[in-house]
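The structure under discussion appears below in the form of structure tokens.
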Number of protein chains: 2
Amino acid sequence: MFQQIKTMFSKSCEYAIKAMIFVAQKSKEEQRVGIKEIAKGTDAPEHFMAKIMQDLSRRKLIHSAKGPNGGFYMDASDLKNSIADIVKAIDGDTIYKDCVLGLKVCSEKNPCPVHFEFKEIKKNLIKMIENNTLAAFNEKLDSGKFFLRNK
Amino acid sequence: MFQQIKTMFSKSCEYAIKAMIFVAQKSKEEQRVGIKEIAKGTDAPEHFMAKIMQDLSRRKLIHSAKGPNGGFYMDASDLKNSIADIVKAIDGDTIYKDCVLGLKVCSEKNPCPVHFEFKEIKKNLIKMIENNTLAAFNEKLDSGKFFLRNK
DNA sequence: ATAATAAAAGAGTTTTTTATCTTTTATTAT
DNA sequence: ATAATAAAAGATAAAAAACTCTTTTATTAT
């Protein structure tokens, strides 16, 4: 009945993160990366990914250039963006605010039964996505100890 | 564009958790709780909630009785169920398995750049949802220090 | 100038999730 | 037996998310 698959981030957001890491890796070599290459490199549907890239570009998380030799690229300041910045751009900041049980009223003064326990978990999750910048990803991937594999 | 709201669990799952806590509270007094009361008490759409209750019932997380004085209720063994059991029944166990970045290949041997950091967070999340049984919820709510409020 | 390239924008479709409505089945009380 | 009650089941509708296709705009190289 409910055969859904529920992950931490939306599909769009997962694609966005993967694309950003992918372009970040290429950007070291002053390369511009086309949407086809991004889609292929991240195992994402091309046209859907194009929409996501437009969104990221509109929100100034990445640069783009039209025409021949065009594509997406990052400058030094773009590489300072973290997963948190990408998540906020695509999925919004509900991960920062919402109660796990979806209660409208859940706060320090009116805590749901798991409020304080979840607060800790959320704190660590936020710390993780904020600390992991694209530059940090580049280093990790370059070390050869971490991978971005789909097959 | 992507104005979506992304929470940890699906809407169905949130409703399920709230309903289970709601019935658990009432079950102490040997009461049976009707679907209308559950929907009202949890701020959920009645017919949608009915479907979810059917599902929980089919999966043996709760008992039900048809006819007059019928409704949903829990026995002592039902009260031993945790949020984790509810989540597994409704959203499945992807929260236990999946990579945050949605990578098909992400393991101890082929870790994504956030694999180990996320593993810790996931461990704590799982610990929390497994430790929080319905019986534990009852105690917390009875203490008067925790609430399940929507307005 | 013009043709080629590649992103941006617009306009869909499909699938999944959420929600509603109706009919059936089981149980109880009269 | 029968009427009333309440969950189970079935069928459908609406909304959101995921995905696709086509046209437009900007840029570059000839």
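Quick note: numbers below take in every heavy atom, side chains included, and nothing from hydrogens, waters or symmetry partners. Each chain gets a letter, A, B and so on, in the order the sequences are listed, and its residues count up from 1.
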Sorted by position of nearest nucleotide on DNA chain C, 5' first, the leading residue of A/Gly67 and A/Ala50 is A/Gly67

Side-chain contact check for A/Arg58: nearest option of C/dA9, C/dT27, C/dT18 is C/dA9

With the side chain defined as heavy atoms from C-beta on, A/Lys66 is closest, among C/dA19, D/dA6, C/dA7, to C/dA7

Per nearest nucleotide of DNA chain D, the residue lying toward the 5' end, A/Met49 or A/Asn69, is A/Met49

Quiz item: B/Glu46 side-chain donor-acceptor pair to C/dA19 base, under 3.5 Å: no

Notebook entry, point to check: Is a salt bridge present between A/Lys28 and A/Asp142, judged by a nitrogen-to-oxygen distance below 4.0 Å?
Noted result: yes

With B/Ile35 as partner, the option from B/His47, B/Met53, B/Lys51, B/Gln54 fulfilling side chain to side chain contact (heavy atoms under 4.5 Å, CB included) is B/Met53

Salt-bridge criterion met for A/Glu46 and A/Lys40 (N-O under 4.0 Å): no

Considering just the side-chain nitrogens and oxygens of B/Tyr15, establish if one lies under 4.0 Å of OP1 or OP2 belonging to C/dT18. no

Separation of D/dA18 atom P from A/Met53 atom CE, nearest Å, is 17 Å

Here the distance between atom P of D/dA17 and atom CG of A/Asp55, to the nearest Å, is 13 Å

Atom NZ of A/Lys18 and atom P of D/dA18 are separated, to the nearest Å, by 13 Å

**Message:** Quick test of your reading of the model: are B/Asp55 and B/Arg59 salt-bridged, counting only N-O distances below 4.0 Å?
**Reply:** yes

Between NZ of A/Lys51 and C1' of C/dA11 the distance, given in whole Å, is 9 Å

Here the helical stems involving DNA chain D, each at least 3 consecutive Watson-Crick or G-U pairs closer than 3.5 Å, sorted by first residue number, are C:1-30 with D:1-30

Whole-Å distance, A/Leu56 CG to C/dA8 P, equals 10 Å

Side-chain donor/acceptor contact of B/Gln54 with base of D/dA7 under 3.5 Å
no

Among D/dA9, D/dA18, C/dA19, the one nearest any side-chain atom of A/Ser10 is D/dA18

B/Asp43 CG to C/dA19 P, in whole Å, measures 12 Å

- request: Check every strand shown and say whether B/Ala65 touches a base, only sugar-phosphate, or nothing at a heavy-atom separation below 4.0 Å.
  value: sugar-phosphate

Report task. Identify whether the distance between the nearest side-chain nitrogen and carboxylate oxygen of B/Glu117 and A/Lys127 falls below 4.0 Å. Result -> no

Side-chain touch B/Ile95/B/Phe9, heavy atoms, less than 4.5 angstrom
yes

By nearest-heavy-atom nucleotide on DNA chain C, the more 5' of A/Ser57 and B/Arg32 is A/Ser57

With the side chain defined as heavy atoms from C-beta on, A/Lys11 is closest, among D/dA18, D/dT28, D/dA9, to D/dA18

From the candidates C/dA7, C/dT20, D/dA18, the one with an atom nearest any side-chain atom of B/Phe48 is C/dT20

Taking C/dA19, C/dA8, D/dA11 as options, the one with an atom nearest any side-chain atom of B/Pro45 is C/dA19

Notebook entry, point to check: Are B/Lys123 and B/Glu120 ion-paired here, with the side-chain N under 4.0 Å from a carboxylate O?
Noted result: yes

Here the distance between atom C1' of D/dA9 and atom CD1 of B/Ile52, to the nearest Å, is 16 Å

Side-chain donor or acceptor of B/Lys36 under 3.5 Å from a matching atom on the base of D/dA6? no

Inset, instruction - Classify the angle between the aromatic ring planes of A/Tyr73 and A/His63 as parallel (below 30°), tilted (30 to 60°) or perpendicular (above 60°). - result: parallel

In whole angstroms, the gap separating P of C/dG10 from NE2 of A/His47 amounts to 17 Å

Exercise. So, is B/Ser64 close to the D/dA7 phosphate, meaning a side-chain N or O under 4.0 Å from OP1 or OP2?
Worked result: no

